[in-house]
Amino acid sequence: MKEIKGRVWLFGNDVDTDVILPGKYLVLTDPKDLAKHALEGLVPGFADKIKQGDIIISGKNFGCGSSREHAPLALKHAGVGAIVAKSFSRIFFRNAINIGLPVVISKDARERVSEGETVTIDLEGGALVKGNGERIATEGYPDFLLKMLMDGGLLQSLKKRFSKVERK
Amino acid sequence: MGMTISEKILAKASGNKTVHPGEYTIGKIDLAMIHDLTGPLTLRVLREVGYDRPWDIEKVVIILDHQVPANSTVTAQLHKDLREYAKKHGIKNYHEVGRQGVCHQILAEQYVKPGMLVVGADSHTCTLGALGAFATGIGSTEMASVYLTGEMWFRVPETIRCNLKNRLREGVSSKDIILKIIGSLGVDGGLYCAAEFTGEGVGTLSVDSRLTMCNMAIEMGGKTGIINPDRQTLDYTGVKDAPLKSDPDAAYYKTVEVDLAALEPQVAMPHSVDNVKPVSEAGNVIADQVFIGSCTNGRLEDMEVAAKVLAGRKVSPSTRLIVIPASQRIYLEAEKRGYLRTFIQAGGVVCNPNCGPCLGGHMGILADGESCISTSNRNFIGRMGSTAAKVYLASPQTAAATAIEGRLADPRKYMRG
Ligand code: SF4
């Protein structure tokens, strides 16, 4: 997972976990069921409108509120390829990386891209690249986090480490 | 240069003498809590890993609290999953229906001690910092990792100092303090930071009041709320000594000052927790429902002030009052002291301890167009049910006065004498 390419969906500031995945759906545990309700609080029918790999570009404090991992899970399984924001709430940021959904901090992206255009995110290079080749800087990760993201998330590394323990 | 209490706890848990804000460390976890909504996802991850034994069964706590007793077959299954998991591994710290309460309250009453590093699969785990612990919320996969390894990576946070001066006047509570602070810093004003409450004002606040303030640190993006332990903390947690405290020369990222004596009752208007005004300037807000409870304000002290306001009075015919004590212990004590009787005689509903309508789960979900004055901590769109409903956040005093008038009311006129 080095480059992610997709259409842009623009959102504002403080997109909270209750609009990403309303509390009444927290009893669901299957990511496919959660995906049907992704961002329902803000864009009714989002799950039907989004195409696999689409990229969310947002203002500050994306994912504020609850620790519900159901929120990034719903977005990931609805097809969101990555989320770019000016800042993230810290629990959402960790949850997203843990489940292998790239979350990227960029101070400038929100102002410099438009709804519907296609962009590419270069995770290792630390940039968001527009169709015309223009590069917008994104913040890097500490090495261990970038590696975890490249490996597909925390679950994958846990699997590597623990799947054989039981059989001993 | 000295260290803050947060830095000291993270240093100790990582086996270092010192740590600095911005640094990444690995911390050994003292306590890890899951509940009935986030826990089943953790179990799902553990099943996928293929190994599910917790690293230390003494250090894990499982609490049923969000929808209790089960309100549907789906919830019943979630409860069953956790119950069977606890049984399989002999986890004694499992809180069955009737022996539970809102998770953060149960952790405060029975588990958390000063100096601990606590994680919970719930964002309001920051509540427990009120007891001098470093406590923060994490997601379900992260929790699965903690269950397997007993440790977790941390970015050492910067600390914002909230310095409280003087003491509160009657009718004003710690809920008003934290609403005021979030109103001025904004919902991302404490992003990634620890919010440390200091100053002479803290000493005048009960442990119940402190838990309320730390509970809402997350509403400004905070990683934890935290308070240096004092005599009250030691008494509450039953420990003799709590050596980890902020040094006088510790470095703070920012300081905000609040003069408690000048504070009046506050309300967070829809749909953002930082949309805060004094109640006196909020205008005419009709209340279709009033909710007193949750991990923010479902404690004994909250029951006491609400009962004081409602004693001998009636809930307005144009509204409905729902009261939910945060734990079985509080429920029983509020019963003994006659508070529950006061609520019922006033025309309110009293439910068994659980999260109730706080996150729109059950026991008072809102319909389209309705407004609720709630003592909980979030007023996001759709939080308590319909996306076309409005939630206003206030103190239990204000909520009780509102129940009497059927519209948002200043509690101070009901507090005299
Ligand atoms: S009372 Fe509300 S905020 Fe607290 S744990 Fe329950 S749902 Fe979350």
Side-chain angles (χ1 to χ4, degrees), chain A residues 13-14 16-19 22-24 26-31 34 40-42 44 59-62 64-73 86-100 142-145 148 153-168, chain B residues 24 37-38 40-46 48-53 66-67 72 74-75 77-78 81 120-125 136-145 148-149 153 155 157 186-188 191-192 218-219 221-223 271-272 358-361 365 378 380-385 387:
Chain A
N13 294 330
D14 307 318
D16 66 69
T17 49
D18 278 80
V19 297
K24 60 186 164 192
L26 293 180
V27 293
L28 305 174
T29 53
D30 188 331
L34 292 168
E40 192 175 283
L42 220 48
K60 64 185 180 65
N61 203 22
F62 190 94
C64 61
S66 136
S67 66
R68 60 187 70 162
E69 197 166 293
H70 311 66
L73 271 177
K86 285 188 185 167
S87 61
F88 288 90
S89 102
R90 54 161 287 278
I91 308 181
F92 185 92
F93 186 81
R94 285 184 84 123
N95 283 348
I97 292 179
N98 286 344
I99 63 161
D143 291 345
F144 75 97
L145 267 190
M148 193 195 287
L154 182 57
L155 174 60
Q156 300 311 322
S157 53
L158 285 178
K159 271 188 180 166
K160 268 190 219 156
R161 202 169 144 193
F162 286 94
S163 59
K164 297 204 180 63
V165 180
E166 189 100 301
R167 279 168 232 137
K168 267 200 286 195
Chain B
Y24 290 86
L37 287 186
T38 55
L41 265 191
T42 297
L43 300 191
R44 195 187 160 95
V45 174
L46 291 173
E48 221 177 296
V49 171
Y51 181 77
D52 70 355
R53 186 164 181 80
H66 276 60
Q67 284 144 344
S72 68
V74 180
T75 309
Q77 186 61 46
L78 301 181
D81 286 352
D122 189 283
S123 60
H124 291 103
T125 305
T136 195
I138 63 175
S140 297
T141 300
E142 192 96 62
M143 185 55 89
S145 174
L148 295 175
T149 65
W153 68 266
R155 180 189 170 279
V187 287
D188 65 343
L191 207 58
Y192 297 99
I218 177 76
E219 307 312 332
K223 188 165 186 159
H271 294 284
S272 186
C358 172
L359 88 164
I365 297 173
R378 286 195 177 131
F380 303 155
I381 293 171
R383 174 72 181 180
M384 293 181 75
T387 49

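Predicted model, so just to flag it, every value in this text is computed and none were measured. So that the names make sense, note that chain A is the first sequence line, chain B the second, and so on, each numbered from 1.
- Looking at B:T149 and A:R161, their side chains come closer than 4.5 Å, going by heavy atoms from C-beta outward.
- Interface remark: B:L191 contributes side-chain atoms only to the contact with chain A (heavy atom separation under 4.5 Å).
- For the set B:D122, B:T75, B:V45, the count of heavy-atom pairs under 4.5 angstrom toward chain A peaks at B:D122.
- Within the 4.5 angstrom heavy-atom criterion, no atom of A:L42 approaches chain B.
- Taking B:G385, B:S72, B:S145 one by one and counting their heavy-atom pairs under 4.5 Å with chain A, the maximum is reached by B:S145.
- Only the side chain of B:I218 has a heavy atom closer than 4.5 Å to any heavy atom of chain A.
- With rounding to the nearest 0.5 Å, the separation of NZ in A:K86 from CG in B:D188 is 11.0 Å.
- Within the 4.5 angstrom heavy-atom criterion, only side-chain atoms of B:V74, from C-beta onward, approach chain A.
- Highest contact tally toward chain B, considering only A:D14, A:T17, A:N13, A:L26, is held by A:L26 [criterion: heavy-atom pairs under 4.5 Å].
- Using a 4.5 Å cut-off between heavy atoms, A:I99 contacts chain B through its side chain alone, with no backbone atom that close.
- Summarising the geometry, atom CG belonging to B:L359 is positioned 12.0 Å from atom NZ belonging to A:K24; distances are rounded to the nearest 0.5 Å.
- In plain terms, the two heavy atoms of A:F88 and B:Y192 that are nearest each other are O-OH, 3.3 Å.
- Contact count against chain B (heavy-atom pairs under 4.5 Å) is highest for A:S66 among A:G23, A:C64, A:S66, A:P22.
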Should B:D81 and A:T29 be marked as a side-chain contact (heavy atoms from CB on, under 4.5 Å) after you check the CA-CA gap, both sets of side-chain angles, and the distance that decides it?
CA-CA 12 Å; B:D81 286 352; A:T29 53; over 6 Å; no
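- In plain terms, the two heavy atoms of A:M148 and B:W153 that are nearest each other are CE-NE1, 4.3 Å.
- Counting heavy-atom pairs under 4.5 Å between each of B:T125, B:T136, B:L148, B:I138 and chain A puts B:L148 at the top.
- Side-chain contact check for B:R378 versus A:D16: every heavy-atom pair is 4.5 Å or farther apart.
- By the 6.0 Å contact criterion, CG on A:D143 is open, its count of non-hydrogen atoms from other residues, nucleotides or ligands being 12 or less.
- At a 4.5 Å heavy-atom cutoff, the contact between B:Q67 and chain A is made by side-chain atoms alone.
- Under the 3.5 Å distance criterion, the side-chain polar atoms of A:D18 are left unmatched by any main-chain donor or acceptor of B:F380.
- Residue B:S123 holds its OG atom at 5.0 Å from CD1 of A:I91, rounded to the nearest 0.5 Å.
- Nearest approach of A:K159 to B:V49, heavy atoms of both residues: CG-CA, 4.0 Å.
- The OG atom of A:S67 sits 11.0 Å away from atom CD of B:E142, with the distance rounded to the nearest 0.5 Å.
- With a 4.5 angstrom heavy-atom cutoff, B:R44 touches chain A only via side-chain atoms.
- For chain B, the option among A:P142, A:G65, A:S89, A:S87 with the highest count of heavy-atom pairs below 4.5 Å is A:G65.
- Applying the side chain to side chain contact (heavy atoms under 4.5 Å, CB included) rule to B:S140 yields the partners A:E69, B:T38, B:L41, B:T42; only residues at least two apart in sequence or on another chain are considered.
- Note on ring orientation: taking the six-membered ring where Trp is involved, the planes of A:F144 and B:Y24 are perpendicular (angle over 60°, cut-offs 30° and 60°).
- For B:S272, no part lies near chain A; criterion is any non-hydrogen pair under 4.5 Å.
- By the side chain to side chain contact (heavy atoms under 4.5 Å, CB included) test, B:I381 pairs with A:V19, B:H271, B:T387, sequence neighbours left out.
- Within the 4.5 Å cutoff, no side-chain heavy atoms of A:N95 are placed close to those of B:T141.
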